[in-house]
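Below you'll find the structure, written out as structure tokens, and then a few comments.
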Amino acid sequence: MDSQRTAGARSGLDLAIVAFVVLGSAVLFTQVELNEWLFARTRELEALQVDEAPAILFVLSTCLSWFAWRRYREARAEVSRRQLAEEQLAALLLENRRLAQQYLQAQEAERKSLARELHDELGQYLNAIKTDAVSIQEQVNGPQASTVSAIIRHIDHLHAVVRDLIRELRPVALDELGLQAALEHYLDQRQQRMPTVHFSVSFEGDLDSLREPLNVTIYRLTQEALTNVSRHARAGHVTIRVARTGSPADVSDAVTFEVTDDGRGAEPGEIRSGLGLIGMRERVEMLGGQWKITTAPDRGFRVFARIPVSEHRSVSP
Ligand SMILES: Nc1ncnc2c1ncn2[C@@H]1O[C@H](COP(=O)(O)OP(=O)(O)OP(=O)(O)O)[C@@H](O)[C@H]1O
Ligand SMILES: [Mg+2]
């Protein structure tokens, strides 16, 4: 809009300059009597028809004006075409973002219901089988007793697998204990699975009164960032920092999330995005946050996000 106004003002100025130059020339030529002067000079060259030059120049300038007018109209049509294309592109990007957000919400809902099914169905049946096996174990002796013991061990193993799966799908601790406790629990387990990596963890501010989407987002960011560290980084040290800056009444109330490792890093322009980094960015932007990756070969990898706590400042789909 502003650029249109500037272009309009510039055309007006150009027109004023042209009018001023033409008027000035008209006054000047009446003073010096240009035509008489030209006539006197060109009479000797009558054989060359030089006195017809003004008429020819007039035709030339008319043609040039016509040419300029055509170019002007073409340029305007091109600008309109580009504006339309830009508007369509912006609409497509918005639609794309909306779809990505819907996908993440559907994925979260699906995980939640899957975790519930696993817990309520599989978990309960495993419990029932174990109870039966224990009562059989009490009634039998010898080789049969050791077979039943093996069955109980298998059930315990299955139980642990299902529990891990449920935790991965839906962090129950998140609902029951709040974000900080759920993260501490998750990081403890991660540390056990990555014994060669040294974890430095820091939590700052009140992280237990955040709304549900923010809790889930920070939890999922932590999961994906640490999965990436274990898959790609070959790091010796990883720092996880989650901090709430500002108080609930504060407009700058936000949660800062940061995972930094000292691993092999990556060339920023050559990162082949899988779904992990894209999903992380979508989750952050969905809540109106900012997202940044900093990395270089052999200089580690850092993911950073800053998400406003207040719902009103989130990006609407
Ligand atoms: N901590 C890290 N250190 C080094 N490179 C990393 C790190 N995290 C991500 N990368 C690079 O960024 C790429 C994209 O990561 P992203 O999580 O999007 O995909 P992915 O982990 O390969 O697959 P997935 O879709 O299963 O997450 C990785 O393939 C890797 O090259
Ligand atoms: Mg990944």
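Keep in mind the model is a prediction, meaning the values are calculated, not measured. Atoms within a ligand are numbered from 1 in the order they appear, just like the ligands themselves. Counting begins at 1 with the first residue of the sequence.
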*Between V303 and W291, is any pair of side-chain heavy atoms under 4.5 Å apart?*
yes
*Considering only non-hydrogen protein atoms, determine which one is nearest to atom 10 (N) of ligand 1 and report residue, atom name and distance to 0.1 Å.*
F301 CE1, 3.7 Å
*Under 3.5 Å: N/O of L275 near N/O of ligand 1*: yes
*Which atom of E224 approaches the Mg ion (ligand 2) most closely (N/O/S)*: OE2
*Contact bool for atom 31 (O) of ligand 1 (protein heavy atom, d < 4.0 Å)*: no
_When you compare the side chains of D206 and S209, does any donor N or O come within less than 3.5 Å of an acceptor on the partner?_
yes
*asked:* Between ligand 1 and A266, is the shortest N or O to N or O distance under 3.5 Å?
replied: no
*When only distance counts, is L277 in polar contact with ligand 1, meaning an N/O pair under 3.5 Å?*
yes
_One thing to verify: whether E204 and R241 come together as a salt bridge, which I'm taking to mean a side-chain N less than 4.0 angstrom from a carboxylate O._
yes
*Using a strict 4.0 Å threshold on nitrogen-to-oxygen distance, state whether R220 and E108 make a salt bridge.*
yes
*F304 and F257 aromatic centres sub-6.0 Å*: no
*Answer yes or no: is there a side-chain heavy-atom contact under 4.5 Å between E95 and L99?*
yes
*Check whether any heavy atom of G263 sits under 4.0 Å from an atom of ligand 1.*
no
*Heavy-atom distance to atom 28 (C) of ligand 1: which of E224, H232, E270 wins?*
H232
_Between the side chains of E86 and R82, is the shortest nitrogen-to-carboxylate-oxygen separation below 4.0 Å, so that they form an ion pair?_
no
*pair R190-M194: side-chain heavy atoms closer than 4.5 Å*: yes
*What protein heavy atom is closest to atom 13 (C) of ligand 1, reported as residue, atom name and distance in Å?*
R272 O, 3.4 Å
*asked:* Can you report which non-hydrogen protein atom sits closest to atom 12 (O) of ligand 1, along with the distance?
replied: I271 CG2, 3.3 Å
*Short list, please: which atoms of ligand 1 are under 4.0 Å from a heavy atom of D261?*
1 (N), 2 (C)
*Is the distance from the Mg ion (ligand 2) to some N, O or S atom of N228 under 2.8 Å?*
yes
_With the threshold set at under 4.0 angstrom, would you say R231 reaches ligand 1 through any of its heavy atoms?_
yes
_Closest approach of any protein heavy atom to atom 8 (N) of ligand 1, naming residue and atom_ = N228 CB, 3.4 Å
*Could you verify whether a donor N or O on one side chain and an acceptor N or O on the other, from S149 and Q137, lie under 3.5 Å apart?*
yes
